[in-house]
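The structure that follows is given in the form of structure tokens.
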Amino acid sequence: MSDTNPISYVRETMLDQQEPPVTERGAIKWLRENLFSGWLNSLLTVASLGVIWFLIIEIGPWLMNTVWNAESLRQCREVLDGSSGACFAVIKDRWHQLLFGFYPREHYWRPVLALVLMLVALAPILFAELPRKMLFFSALFPFIGYHLLWGGSIWFPISILLGFVAGYVAFRLVVKVSSLVGVIAAVAGTLLWWVFLAGPFDAALYSVAPIGLEFVRSDSFGGFLISIVIGVSGISLSLPLGILLALGRQSDMIFVKSVCVVFIEFIRGVPLITLLFTASLLLNYFLPPGTSFDLILRVVIMVTLFAAAYMAEVIRGGLAALPKGQYEAADALGLDYWKAQRLIIMPQALKISIPGIVNTFIGLFKDTTLVVFIGLLDPIGLSNAIRADTDWNGIYWELFIFIGALFFIFCFSMSRYSMYLERKLKTDHR
Amino acid sequence: MSSTSDLRTQTAPPKTAFRFSMLLYDQRYRSVTIQIVFLFVLMLGIAWLVDNTISNLRALGKDFSFAFLSAPAGYDINQRPIEYNSQMTHGRAALVGLLNTAILAVMACALATVLGVIAGVLRLSNNWIVARLMTIYVELFRNIPTLVWIIIFGAIMTESMPAPSAFRGDTPSASMFLNDSVAITNRGVYIPAIQFATDLGTLPLGVVAPSINWLLVLVAIIGGIYANKAILKHATAVQNATGLRPKTWWKSLAVLFGPLVVLFVLFGAHLEYPELRGFNFADGVHLRNSLIAMWLGLGIYTGAFVAENVRSGILAISRGQTEAAFALGLQPGKTMRLVILPQALRVIIPPLISQYLNITKNTSLGLAVGYMDLRSTLGGITINQTGRELEGMLLMMLIYLAVSLGISGAMNVYNNRVKLKER
Amino acid sequence: MSDLAAPEIPVDRDIDISKMQVSDELAIQITGMNKWYGSFHVLRDINMSVYRGERIVVCGPSGSGKSTLIRCINRLEEHQAGQIIVDGTELTGDLKNIDKVRSEVGMVFQHFNLFPHLTILENCTLAPIWVRKVPKRQAEETAMHFLEKVKIPEQANKYPGQLSGGQQQRVAIARSLCMKPRIMLFDEPTSALDPEMIKEVLDTMIALAEEGMTMICVTHEMGFAQAVANRVIFMDQGQIVEQNEPKEFFSNPQSDRTKLFLSQILGH
Amino acid sequence: MSDLAAPEIPVDRDIDISKMQVSDELAIQITGMNKWYGSFHVLRDINMSVYRGERIVVCGPSGSGKSTLIRCINRLEEHQAGQIIVDGTELTGDLKNIDKVRSEVGMVFQHFNLFPHLTILENCTLAPIWVRKVPKRQAEETAMHFLEKVKIPEQANKYPGQLSGGQQQRVAIARSLCMKPRIMLFDEPTSALDPEMIKEVLDTMIALAEEGMTMICVTHEMGFAQAVANRVIFMDQGQIVEQNEPKEFFSNPQSDRTKLFLSQILGH
Amino acid sequence: QSMLETIQDRGELACGVSTGLAGFSAPDANGVWQGFDVAVCRAVAAAVLNDPMAVNFVSTTGQTRFSALASGEVDMLARNTTWTFSRDVDLGNTFAGVNYYDGQGFMVNRELGVSSAMELDGATVCIQTGTTTELNLADFFRVNGMSYEPVPIETNAEAQQQYLAGACDVYTTDASGLAATRASFPEPGNHAILPEIISKEPLGPAVRQGDEQWADIVRWVLNALIAAEELGVTSANIEELKAGTDNPEINRMLGSEGELGAMLGLDAEWAVRAIAAGGNYGEIFASTIGEQTPIGLARGLNAQWTQGGLLYAPPFR
Ligand SMILES: Nc1ncnc2c1ncn2[C@@H]1O[C@H](COP(=O)(O)OP(=O)(O)OP(=O)(O)O)[C@@H](O)[C@H]1O
Ligand SMILES: Nc1ncnc2c1ncn2[C@@H]1O[C@H](COP(=O)(O)OP(=O)(O)OP(=O)(O)O)[C@@H](O)[C@H]1O
Ligand SMILES: NC(=O)CC[C@H](N)C(=O)O
Ligand SMILES: [Mg+2]
Ligand SMILES: [Mg+2]
């Protein structure tokens, strides 16, 4: 250090942290920065406080003054005796209908067990930390779930399952000729089994060994049970279909591509409700006379097609975000198209598309409410039915609050999960 | 060692001979095979469906024809943007329905945009309470089906509003708002209508006959917008030349509203107030419950999605842009107008338009509250009265499809226009 | 030890630092300035004067508050105690003063922050037209002048996305210069650039320095510091720990922290 | 002129090129090959034979068709006229042949193209397991063997994103080697790397060359060419303009184009 | 394959009913469908499937019912559906007869002080969409030079809510439907059904056109129910009568004489089962909508022809 040089300077002692001045500290600062920085902000604060106050004043007493025990709205009113109050007794009286529809009461354990098993089956898909072996159960769950919910012959789901085995055998047999022929054989094998052999197989085994839970008809399904059944099947079926459509749309085979484009654009261009009407009113025009199949199944098919078109667009975005080098590297290593898709392309493309996929799922789940228009008794349909009952004629808000709250819980947790996943994938592999 | 100096060019690749086994094993021809198989299966499937349909129709003794569109409809429609009565044709009824769909869609888009922009911006505000409140709004509406909201708004309208009879009598239990000009009843909201003392009649244009007064008003509005554009352009020219931008707001106001005021005065425009007469309010404009419920349900629900788009659009513009603008000395207002908005709009508008598309498709939920849209007229009563479900559904789907493709086509044009230039 | 900085020197012409003028007028004066983020004390008792025409390099470990310091100078951040006087104007909450200071002080950021929706030329003319109220023609002429200075006039009608990083940073410099600022602040202008591009940008900055622009530059390009700086300021933990002439600073650091820091950045 | 290439030589050991074996069997034979992109004639009448164990460097100006040429050799691009015979198998549309050739020919890309969702080890074992149907254990052993060879066994369980560019490129090489190819193609393997990393990768390639691998390498690293190549091929406008031994090629280019090209790349 | 075979294979009759109209078709507290229309379905199911409970009730709205029938969603409609020319001829339905002769009426709140439909100018009218009543209403108001504001509604339950909430002044539908709806009001006495009946509404079961055998079965099951009342066959005495009586028509109907059942493709006891399922027409009427029930409808036009009504079953011969 030289004193001759005026600009030279060395600090001898380091300064310690100091407390900020009062204006920078604690509640005052928080208030100043968060609520009252500038007149506009203060105005907004006052306005929002007003809104909150209004809501509390309007809804608070009504909610606080809830009647839980009553058999009809009239009784509720008697209990309330003129004062304003909610009548959640209707939920207590009818919750089982809102949740299960007309599913036989003594069998409620079945949908509940199915739901629990579904969560177990979902766990390894949702959380990568869990052992991969659990995926085996996930693959079996659709059949278990089906049997739990509908019951009937246990051989039926098993014979459907065998269809996949048949497809696999067919594939093995001819794959040597060419993988293309193999795929065609697999599809044909599965379909042939389903169409021609599954029925007799089921009937034969059932006559020998009539095992199975009691059969429950589709029209006893209702309430959230139906929303979840349609939602979950739609979600799990639309993902693979969406992937195929996205691949078709990306394909350089002109016919395949244009068929996919037309399909996707058509489905996305018309309201879901018109498709549901088609499923319920027009489908039989397109099928041979006398065929009729379950309305829930038809709705699931339509909802799946609908969601698949949206899914395809989401996944296409993911595919487009992948660098071309990934395809080339897979080619150069000798992987064929499907292996490259399965091992290299899809794992990455799907990861990129997760937010979009989950959004499509949430949309699909919310859209299950539209089935009320074709006469299925989803929660909204049941709320109409409950209100049509003389006991509960005139009740509104309690039912809507209950239905809304349940939907909110489902959808909100899905969107939180997608945020969790996004965050996790962002840090993974980096 | 070799070296070539002549650079030969051929212009077209030669063709190679084709062998039959190539169909399966050759990279180039295999795709042809796949497509032929695919197409064959597809054709077979379609043929099967068509064949079934034909034989099913024959069994029912029905044909496939759109002649029903010119048969008298027989039913009434409560909301009629164009002249309609029950003696007119099903085609006309479908047109009325389509217009009702359009009215609802436009109203809901406007509401969703306004709410979405406000909520999206406020959600980013550093005002803690407001931000929380907006978060609650967005999450609450995004996570509950729109149909539930529509029904709730429908219920609010019918259950919580006073019947017109409550406005009657010496001591009415309900009263009108805004100086007796707006009545909110359980049959809808009645607001004042604008009437012209000098009515210039209508302009017969085939299917529709718009009022000449309103056409002139429309012309005045469009003219005003063009004039305003010219004023702004002139202001820019002046600014370019001198550096100083002339104040234009009063000129803009004048050209935007001046002609309107003149026209209104010329035509003797006055407000026609709703008035309780007989069973109902008469005069004024009647916004029916169904319209209000659909409008609020769709508008507020979609507004929550728009809010998210707006928020992410603004967040997509990095803080660096604002800082750079500030560092250059641009004031916050100009920073917003010249730097942030032009960039944010590019991000916001495409998802905004797909929300508009969703709204348009969701208008078909009008069924839930009895709104007479395209689905209720053509896709509902007409199908039911004529038994033409195949034709009716097909026509309805095609109309929705055309509208959707139109909207998304416009979106693509916009996207291409504003795409950022990159390396 | 003085040759340590050698491999970093990007300069390809002879610079006579003595020819660059420093007047004795004050451009910036900071006294007893303190700043907190919440309860975190980022800047502690900063005292510093910058003379017109002086070129100051600020260095220090990451998180030491360098960026915060220069961002306080054009009020991108607010300080809570002490005084900052820029070009005779004190920075307080007064919006007029802030506008005045900002239009006198140019700033170049690490990540360029060009406006991607405007062409290069529009980027450069935006502020002069809307802040300085310069007629468009004239603004464009000025802009082309500075674009020539940073050697990319031919890119004027391209968009930022079409330029390389080095070119973008030069545009950012030109954009600031178009406001004819009396003081330029640089916040690690080269640290987001590839090695070849660093040179382009440093050359531009050196040219500026030669013209006598008052500059404060946060950088770790020690070659640049040695070549053009009048003074190097070393910061740590929100404080100015040492300042000196570049030569002295590099060859003979006084404080232990400075020594440690220099050994780290020059070491590899 | 031969010393021009000196600064680029990355070799840190003595290579005795004469010890590397070249057999007289043909590994690749290309005759009268032509390729078009649409109506643009990218490759014009290419004739070329590569012997087993030969190491060929391909160079030429940008856009001259180097990448396209080597991508044709494992059918990442399709040629429209002429013949390519790799290891006795002619490349036509026949998928069986294509699969066969691809599993004999390894390729390393400029941008590595590692699979980011798989660990290094999984990257290396994927193709052996799914294409060669090797049991997983054995595939992992092979993979570790080659990872050791490229000197990064310790990274086996990391993800590509966690590695530096040079490390990634070495993984890419190991990944190709795991398929035990008889021929390796390199498309500018070092041009996306920082200078320090180039050396790591070139060392790995030299080690490969010493083991007698047949290699075709598109590169502008003339040091590498001089050190290990048996032949340098110079391409321009889709044609092979000149080919020669490296020494002759660099010291005594024949064609004007070659001279121009060499002066450009060695010039700065 | 004929409809009959299809249904017998399936083991279940798909019957389209309303979404809920007390007395006509509505599920009871246990979810079992009950009512006047439902009884027709049960009788048909009993005749063809030998099990009155083997019915899958599909609720249809006014709008969806014909589509449901035409598309094969349901095998028959028993849904207070009016037999009209266009529905029969153009829409491709076949009506199997009339089980209730009705007409369209109006219901208003007594507070309005309206005593005639002619005083309804300017009223807001709740109306179920997709019904004949919607069309009649349009005609009625137009012909009488009055205006009205229609509020289109999907189901009876919703209409009831809207009406009770005062969202419309008037509810109009078949008079029987009005009575059924009013019966479920908290205070039925506050509401008046206006005297004007503005249309003829012969309500009856319908099937899809194209399978005559199936149409005949439904038609003759209905006729059997009506004839049984006329002939004094009831659910109480049918076991006894089916062994044979001295009335040859009863014998032919109940299968102890002749081959009527076989001609329909059914067995001999088809009508016995149909009648045993819920009784004859009179019994069904009395137990579902008759004067002893909350609905409280008088037989009126729906009395046997012998009693001065319109019910007149063709002979079983
Ligand atoms: N907005 C902020 N809120 C809270 N803390 C902040 C904020 N900005 C910066 N800091 C903290 O202030 C300290 C100084 O930050 P500053 O950016 O000035 O450091 P720097 O010296 O420029 O570092 P670098 O070399 O990494 O740019 C850091 O510890 C940083 O974490
Ligand atoms: N898919 C394609 N479609 C059309 N033209 C192409 C395509 N790929 C490459 N080309 C053109 O073919 C020519 C040769 O390209 P190629 O990539 O083989 O050149 P290169 O010698 O590898 O150049 P570089 O050194 O830049 O990698 C170039 O002019 C390029 O523009
Ligand atoms: N209200 C109804 O559902 C039926 C009304 C009327 N009988 C019809 O057939 O259209
Ligand atoms: Mg910094
Ligand atoms: Mg290349």
Side-chain angles (χ1 to χ4, degrees), chain B residues 126 128 232-249 312-350 352 414-423, chain C residues 70-71 73-77 95-96 98-119 122-140 157-165 167-168 172 175-176 178-179 181 184-185 187:
Chain B
N126 45 16
W128 187 85
L232 292 183
K233 213 166 142 194
H234 176 247
T236 309
V238 172
Q239 181 185 25
N240 287 346
T242 67
L244 291 176
R245 192 176 179 85
K247 288 253 178 298
T248 56
W249 60 267
S312 51
I314 295 177
L315 285 182
I317 310 308
S318 71
R319 251 198 90 59
Q321 294 289 312
T322 321
E323 288 185 348
F326 283 177
L328 284 171
L330 288 167
Q331 289 91 350
K334 282 179 190 151
T335 302
M336 197 51 159
R337 177 156 63 98
L338 299 169
V339 177
I340 306 300
L341 269 189
Q343 295 185 56
L345 283 184
R346 285 162 208 256
V347 186
I348 293 171
I349 286 187
L352 186 67
Y414 173 85
N415 275 348
N416 289 337
R417 179 112 48 90
V418 303
K419 197 152 63 188
L420 277 187
K421 305 261 185 328
E422 302 256 304
R423 284 224 273 190
Chain C
I70 67 165
R71 288 159 61 86
I73 294 174
N74 70 349
R75 191 76 174 189
L76 287 179
E77 304 284 352
L95 289 174
K96 285 243 176 75
I98 295 177
D99 283 346
K100 195 164 156 209
V101 166
R102 282 184 181 162
S103 63
E104 294 302 340
V105 178
M107 176 143 181
V108 175
F109 299 84
Q110 182 181 8
H111 292 288
F112 334 142
N113 293 342
L114 294 181
F115 305 133
H117 61 301
L118 302 178
T119 62
E122 286 164 348
N123 262 283
C124 293
T125 55
L126 184 81
I129 291 179
W130 290 93
V131 179
R132 288 244 191 273
K133 319 271 187 215
V134 175
K136 191 171 176 196
R137 266 283 278 295
Q138 192 184 326
E140 283 179 357
N157 290 313
K158 289 200 182 158
Y159 284 87
Q162 299 169 304
L163 266 53
S164 75
Q167 290 172 321
Q168 289 193 42
R175 180 175 69 175
S176 286
C178 285
M179 285 292 283
M184 285 285 283
L185 309 174
D187 190 359

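The model shown is predicted, which means the values in this text are computed figures rather than measured ones.
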> Below 4.5 Å, heavy atoms only, C-beta onward: do C:Met184 and C:Val105 meet side chain to side chain?
Replying inline: no
> Which answer fits C:Arg175, side chain, backbone, both or neither, if we ask what part of it has an atom under 4.5 Å from a heavy atom of chain B?
Replying inline: both
> Mind checking whether B:Val238 and B:Leu244 have side chains closer than 4.5 Å, heavy atoms only?
Replying inline: no
> Salt bridge or not for C:Lys100 and C:Glu104, using N-O below 4.0 Å?
Replying inline: no
> Can you say whether B:Arg245 sits under 4.5 Å from chain C via the side chain, the backbone, both, or neither, judging by heavy atoms?
Replying inline: side chain
> Pick from B:Ala327, B:Ala325, B:Pro342: which one has the most heavy-atom pairs with chain C under 4.5 Å?
Replying inline: B:Ala327
> Distance-only, no hydrogens or angles: does the C:Gln168 side chain make a donor-acceptor pair with backbone N or O of C:Leu163 under 3.5 Å?
Replying inline: yes
> For the candidates C:Asn74, C:Leu185, C:Leu76, C:Val108, which exhibits the highest count of non-hydrogen atom pairs separated by less than 4.5 Å from chain B?
Replying inline: C:Leu76
>> For a quick test of reading the model, state the closest non-hydrogen atom pair linking C:Thr119 to C:Asn157 and the distance between them.
In response: CG2-O, 3.8 Å
> Which region of C:Ile98, side chain (C-beta onward) or backbone (N, CA, C, O), has a non-hydrogen atom less than 4.5 Å from a non-hydrogen atom of chain B, or is it both or neither?
Replying inline: neither
> If we only count heavy atoms from C-beta on, is the C:Phe112 to C:Gln167 side-chain gap below 4.5 Å?
Replying inline: no
> Tell me, side chain or backbone of C:Ile129 under 4.5 Å from chain B's heavy atoms, or both, or neither?
Replying inline: both
>> With a 4.5 angstrom heavy-atom cut-off, is it the side chain or the backbone of C:Phe109 that approaches chain B, or both, or neither?
In response: side chain
